[in-house]
Number of protein chains: 2
Amino acid sequence: MSKPTIRDVSKKAGVSIATVSRVLNGQEGYSKTTKEKVLQVIHELGYTPNEIARGLVNKKTSTIGVMFPTVSSFFFSQLLSGIEEAAQQQQYNVFICNTAKNGERTEKYLQVLREKQVEGILFVSDFMKEPYYEQLIASRMPFVLVSTESMRYPVPFVKVDDRKASYAAVQYLLEKGHRHIGMISGTQGDPIAGTPRVEGYRQALEDYGLPFEASRMYYGNFGFNSGAAGMEQLWEQHRDNLTAVFAASDEMAAGAISACYRLGIRVPEQMSVIGYDNTPLARMVTPPLTAVEQPLEQMGKAAVKMLLELIVKGQVDSRIMPYQLVERDSVQAIQT
Amino acid sequence: MSKPTIRDVSKKAGVSIATVSRVLNGQEGYSKTTKEKVLQVIHELGYTPNEIARGLVNKKTSTIGVMFPTVSSFFFSQLLSGIEEAAQQQQYNVFICNTAKNGERTEKYLQVLREKQVEGILFVSDFMKEPYYEQLIASRMPFVLVSTESMRYPVPFVKVDDRKASYAAVQYLLEKGHRHIGMISGTQGDPIAGTPRVEGYRQALEDYGLPFEASRMYYGNFGFNSGAAGMEQLWEQHRDNLTAVFAASDEMAAGAISACYRLGIRVPEQMSVIGYDNTPLARMVTPPLTAVEQPLEQMGKAAVKMLLELIVKGQVDSRIMPYQLVERDSVQAIQT
DNA sequence: TTGTACGCGTTATCAG
DNA sequence: CTGATAACGCGTACAA
């Protein structure tokens, strides 16, 4: 005994499937009596419409796909949370796709998502390579970039201005009197979350008349361990006069703080640390981390809103979201 | 100009849709020449089969749904990571559903998932209430519980033995010489992750001839803030002789450590803290947290494996996953 | 080896 | 008001 179909309902109610469909979709054209009869039978049978069949004729699946390079961190959790929330409000479902930064997996997922007829794709935090773009365009699937953007292709995106946010973080340190600031960057050469943040750092130093010293830069990978490694290296080379470090992610900042603890460096008394993202992790470390915030959840919501608009209108404008500096206890002013 | 269908391919290739279908599905019954011709046209047109239509006839959607009470934390990220990974390997897609611990949302999602014809559901970390169960049973959707279980209903689940894991954590403290141990529990009355862990704590104390004192128990909600609040309260009431605390989640343990920092209590010298879960957060706090580990990713993988088995065989056995104690720096032996 | 035709569960168009 | 019936895109017996 399989699931009841609209036909089972129509038979048992003694009406045509057309009529059942009408009451189901709240359309006009039937007497109160038949409506009640139909509703009655639907209840008895425990009938539920098959959204798949519906989608086939409507050419609408009400689902979108979201592609992440990795899924286990506060950063993506926050983003995902906003995405799911907004999607749910718009009666959309979301397929999660973890590409693991792997090209093959990404292309495979692009293919699968297309076959599953998703109405659009949210491409999160990864570089939009040519094959991805070609595939996306060829399949005519609307998509928007989240927390990333493309220089090469005209694709709508939502992100904060990394350069400015980074500048703000360093400026904050500068205003607190720091003059010997190191930076633990994200992946070297990363055109999205890497270089722009380094640029912001460099620009801030320059605007305060300070030199940019390559030896005060460490290139990590946004992860905790690389943050710790970065702190260690920076400390080793500048233990004489390093008073603050700016990490391009909260995780790296946490790693840096952890390294300080092992190295016997007191934060923030001896070393100020400022992070980037302001994920929930920021307030969980000791001492609580001061960081520039990216409004992750809001970005997630904005992204689906944009995607849906793109789906119906065929175009949308990109959005630059506001960053914000949230002060906690990991930065201390230099005593003069 | 819409997406090409199998019919477009058949026309252009000068064959019937049946033939196209056959080559598409790697079946027998066509000459090498026609096969090549068809493949050729498919390529030219950039044709991709419509999985939705396929599913309609096959009665197979190759998608499952996973329901979380919340999505933004390391705990769920890890679980989700394992789930997505395993699903992907089995050519399944997963819909994420954040119920936000909300009954209405949960029931709504159950309904939607059913309409979307998911083949099964993973119900994570939440209490299986009667209406959920009724709905699930009525819709004949296979489902397995993850990191939770039901006393009332016979539903397959995958989780660790909370009581034993909890016992192990406290025993570890005991073996380190601690005799004045406080506990920061999860939600009071929670039959899954609450009570059992308290029981394990109580049992361990008892087995070591120690009394269970209600004043050394604090009931939080698994979150960071409640962990900090718990530490503060415990400290206020037992500052004379509290040497260790067992937190029922890493986040609460992190909160406790954070509170110690504010209170000027040194961890682990003055206070040992042990957590539960061993999420990535554990190694990110200062000092790194010693904790009992739940193999979250593996649990996620096991869960989809079980679900798929349940789907095909109609039944599966529940699985109790192994816990493990991982030592870091937040616990110190009592000097005697 | 290949094509015809029916069915999957719905929606929607037209008659009646 | 209500009921056939043609799509939707594809798989598959059954024929040829």
Side-chain angles (χ1 to χ4, degrees), chain A residues 1-39 41-42 45-63 112 114-119 139-140, chain B residues 1-42 45-63 111-112 114-119 139-140:
Chain A
M1 188 180 95
S2 194
K3 296 173 186 169
T5 74
I6 195 175
R7 182 158 293 122
D8 297 322
V9 177
S10 77
K11 280 216 181 79
K12 184 161 182 177
V15 298
S16 72
I17 61 175
T19 299
V20 177
S21 176
R22 278 189 274 258
V23 344
L24 232 36
N25 298 299
Q27 296 179 14
E28 298 298 293
Y30 45 77
S31 68
K32 201 163 191 173
T33 1
T34 57
K35 171 176 178 177
E36 283 169 357
K37 177 61 180 172
V38 169
L39 256 20
V41 174
I42 284 178
L45 262 38
Y47 166 78
T48 298
N50 182 329
E51 193 62 34
I52 294 298
R54 231 177 213 173
L56 185 58
V57 18
N58 295 331
K59 289 179 179 309
K60 185 163 188 339
T61 54
S62 291
T63 103
V112 171
R114 177 185 183 182
E115 295 180 355
K116 293 239 172 164
Q117 315 293 123
V118 300
E119 294 180 22
S139 62
R140 298 163 167 284
Chain B
M1 186 180 92
S2 194
K3 299 172 186 170
T5 74
I6 195 176
R7 183 160 292 122
D8 297 322
V9 177
S10 77
K11 279 216 181 82
K12 184 160 184 178
V15 298
S16 72
I17 63 172
T19 298
V20 177
S21 176
R22 280 189 272 260
V23 345
L24 232 35
N25 297 299
Q27 296 178 10
E28 298 297 294
Y30 45 75
S31 67
K32 202 162 188 171
T33 0
T34 57
K35 172 175 178 176
E36 283 169 357
K37 176 62 181 173
V38 169
L39 255 20
Q40 164 70 12
V41 174
I42 284 179
L45 261 39
Y47 166 77
T48 299
N50 182 327
E51 194 59 35
I52 295 298
R54 232 178 211 173
L56 188 58
V57 16
N58 295 331
K59 291 180 178 308
K60 186 162 186 344
T61 54
S62 291
T63 103
Q111 175 67 18
V112 171
R114 176 185 183 181
E115 294 180 355
K116 293 240 172 164
Q117 315 294 121
V118 300
E119 293 180 25
S139 62
R140 297 160 167 285

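Both backbone and side-chain heavy atoms feed into the values below; hydrogens, waters and symmetry mates do not. In what follows, every chain begins at residue 1, and chains take the letters A, B, ... in the order their sequences are listed.
Note that OG1 of T33(B) is 13.5 Å distant from CD of Q40(B), once rounded to the nearest 0.5 Å.
For the side chain to side chain donor-acceptor pair (under 3.5 Å) with T48(B), the qualifying choice from R114(A), E115(A), Q117(A) is R114(A), the only one to do so.
Between the axis at the start and the axis at the end of the helix from dT1(C)-dA16(D) to dG16(C)-dC1(D) there is an angle of 50°, using five pairs per end and rounding to 10 degrees.
Contact annotation for Q27(B): backbone-only contact, meaning every heavy-atom pair under 4.0 Å involves sugar-phosphate atoms and none involves a base. Within 4.0 Å of V20(B), counting heavy atoms only, lies no atom of the nucleic acid at all. Among the atoms of the strands shown, only primed sugar atoms or phosphate atoms (P, OP1, OP2) are found under 4.0 Å from some heavy atom of T48(A). Looking at heavy-atom distances under 4.0 Å, S21(B) makes contact with a base.
Here the closest non-hydrogen pair linking G46(A) and P4(A) is O-CG, 4.2 Å. Closest heavy-atom contact between V9(A) and I42(A): CG1-CG1, 3.8 Å. Pairing each heavy atom of R7(B) with each of S10(B), the nearest pair is O-OG, 2.8 Å. Of all heavy-atom pairs between I6(B) and Y47(B), the closest is N-CE1, 3.5 Å.
Annotation: side-chain hydrogen bond (donor to acceptor under 3.5 Å, both in side chains) contacts of S21(A) (sequence neighbours excluded): N25(A). Taking the salt bridge (charged side-chain N to carboxylate O under 4.0 Å, His left out) definition, one finds that R22(B) meets it with nothing, sequence neighbours left out.
When DNA chain C is scanned in the 5' to 3' direction for atoms under 4.0 Å from non-hydrogen atoms of chain B, the outermost contacting nucleotides are dT1(C) to dG9(C). Note that the first and last nucleotides of DNA chain D, 5' to 3', having any atom under 4.0 angstrom from a heavy atom of chain B are dG9(D) to dT12(D).
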- request: Go through the steps for T5(B) and N50(B) under the test side chain to side chain contact (heavy atoms under 4.5 Å, CB included), then give the verdict.
  value: CA-CA 8 Å; T5(B) 74; N50(B) 182 327; over 6 Å; no

query: Would T63(B) and K116(A) count as a side chain to side chain contact (heavy atoms under 4.5 Å, CB included) if you check the C-alpha gap in whole Å, the side-chain angles of each, and the deciding distance to 0.1 Å?
result: CA-CA 10 Å; T63(B) 103; K116(A) 293 239 172 164; 3.1 Å; yes

Verdict with reasoning, V38(A) to L24(A), per side chain to side chain contact (heavy atoms under 4.5 Å, CB included): CA-CA 9 Å; V38(A) 169; L24(A) 232 36; 5.9 Å; no

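For the pair E119(B) (side chain) and T61(B) (backbone), a donor-acceptor distance under 3.5 Å is present.
At most 12 non-hydrogen atoms from other residues, nucleotides or ligands lie less than 6.0 angstrom from NZ of K35(B).
Comparing N50(A) and K35(B) by the nucleotide of DNA chain C that holds the closest heavy atom to each, the one mapping nearer the 5' end is K35(B).
Residues from residues 53-62 of chain A with heavy atoms under 4.0 angstrom of DNA chain D, sorted by number: L56(A), V57(A), K59(A).
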